[in-house]
Amino acid sequence: MLSYALLVHAAPYSEQGALSALRFAQAAVAQGHRVSSVFFYRDGVHNASTLMAPPQDEVHLAEGWRALAQEYGTELLVCIAAGLRRGLMNAEEGLRHGREAHNLEPPFVLTGLGQLVDAMQANDRVITFAP
């Protein structure tokens, strides 16, 4: 059994990388491997938006990530700098920046690049999914 960390740079729906990352994670855990964390970076932070509403006949990426976290304990880490730059924030950051709304909720967590470094050191493999 291998332990994986995933690094997702790809935005949902406009590029293949995000869906490929989710499919890889689902296949890995189905084969008995562990996906301990997914770090969303650059445009990949949009995978964490609670406002995502794809048509019903398409894969709902945010729900897929949430299901992975709930079923297998995978951490869903969102780069705080990339998220804030792209308008993605949790309730705490929304208040801090004077916004009336927020669009990031657990199990997604805003965090820094230090968490990515920790994931790189703690897992057998780190796989990057870019656009």
Side-chain angles (χ1 to χ4, degrees):
M1 176 178 100
L2 291 174
S3 177
Y4 291 96
L6 306 183
L7 174 59
V8 178
H9 289 243
Y13 304 109
S14 59
E15 300 149 347
Q16 183 61 37
L19 180 59
S20 295
L22 179 60
R23 295 285 192 232
F24 176 86
Q26 292 168 333
V29 296
Q31 294 180 6
H33 300 292
R34 182 169 185 261
V35 178
S36 68
S37 64
V38 180
F39 193 91
F40 298 97
Y41 190 55
R42 296 186 175 170
D43 285 342
V45 299
H46 292 295
N47 284 276
S49 175
T50 58
L51 300 177
M52 187 184 304
Q56 291 181 351
D57 61 341
E58 291 184 16
V59 174
H60 195 303
L61 289 169
E63 287 185 4
W65 292 119
R66 283 188 203 100
L68 188 73
Q70 291 167 352
E71 292 176 33
Y72 302 102
T74 301
E75 291 181 308
L76 302 178
L77 308 171
V78 179
C79 176
I80 189 168
L84 292 176
R85 189 173 288 125
R86 289 164 176 83
L88 193 83
M89 57 185 67
N90 61 14
E92 181 178 290
E93 289 298 322
L95 285 173
R96 192 166 79 87
H97 291 279
R99 301 295 191 260
E100 295 179 8
H102 63 277
N103 55 351
L104 187 136
E105 295 176 356
F108 293 97
V109 177
L110 287 175
T111 189
L113 289 174
Q115 289 293 106
L116 175 60
V117 173
D118 288 346
M120 295 168 96
Q121 294 176 338
N123 290 280
D124 298 316
R125 304 280 188 275
V126 177
I127 300 178
T128 300
F129 292 88

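Counting from 1, the numbers follow the sequence of the chain as shown. Just so it is clear, the structure is predicted and the values come from calculations on it, not from any experiment.
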Task: Candidate pair Arg66 and Thr50, rule side chain to side chain contact (heavy atoms under 4.5 Å, CB included), full reasoning - done: CA-CA 11 Å; Arg66 283 188 203 100; Thr50 58; 4.0 Å; yes
Please report the interatomic distance [atom1]([X]) to [atom2]([Y]), rounded to the nearest 0.5 Å.
| X | Y | atom1 | atom2 | value |
| --- | --- | --- | --- | --- |
| Asp118 | Ser36 | CG | OG | 10.5 Å |
| Leu7 | Cys79 | CG | SG | 10.0 Å |
| Asn103 | Leu88 | CG | CG | 4.5 Å |
| Asn47 | Leu19 | CG | CG | 10.0 Å |
| Leu110 | Met89 | CG | CE | 9.0 Å |
| Met120 | Phe39 | CE | CZ | 10.5 Å |

Open item on the list: Does anything in residues 87-115 form a salt bridge (charged side-chain N to carboxylate O under 4.0 Å, His left out)? List the pairs, not counting sequence neighbours.
Closed with: Glu93-Arg96
- [ ] If a pair satisfies salt bridge (charged side-chain N to carboxylate O under 4.0 Å, His left out) and one of its residues is in residues 25-42, list it, with sequence neighbours excluded.
- [x] none
Tell me every residue that passes salt bridge (charged side-chain N to carboxylate O under 4.0 Å, His left out) with [X], counting only those two or more places apart in sequence or in another chain.
| X | value |
| --- | --- |
| Glu63 | none |
| Arg85 | none |
| Arg86 | Asp43 |

- [ ] Check the angle between the aromatic planes of Phe24 and Tyr4 and answer parallel, tilted or perpendicular using the 30° and 60° thresholds.
- [x] perpendicular
- [ ] Dump the intermediate steps for side chain to side chain contact (heavy atoms under 4.5 Å, CB included) on Leu77 and Leu116, then the final yes or no.
- [x] CA-CA 8 Å; Leu77 308 171; Leu116 175 60; over 6 Å; no
Task: Stepwise side chain to side chain contact (heavy atoms under 4.5 Å, CB included) check, Thr128 with His9 - done: CA-CA 7 Å; Thr128 300; His9 289 243; 3.6 Å; yes
Task: Pairwise ring pair (Phe, Tyr, Trp, His ring centres under 6.0 Å) hits with a residue in residues 63-112, at least two apart - done: Phe40-Trp65, Phe40-Phe108
- [ ] Would you check if there is a donor-acceptor pair between the side chains of Asp124 and Ser3 at a distance under 3.5 Å?
- [x] no
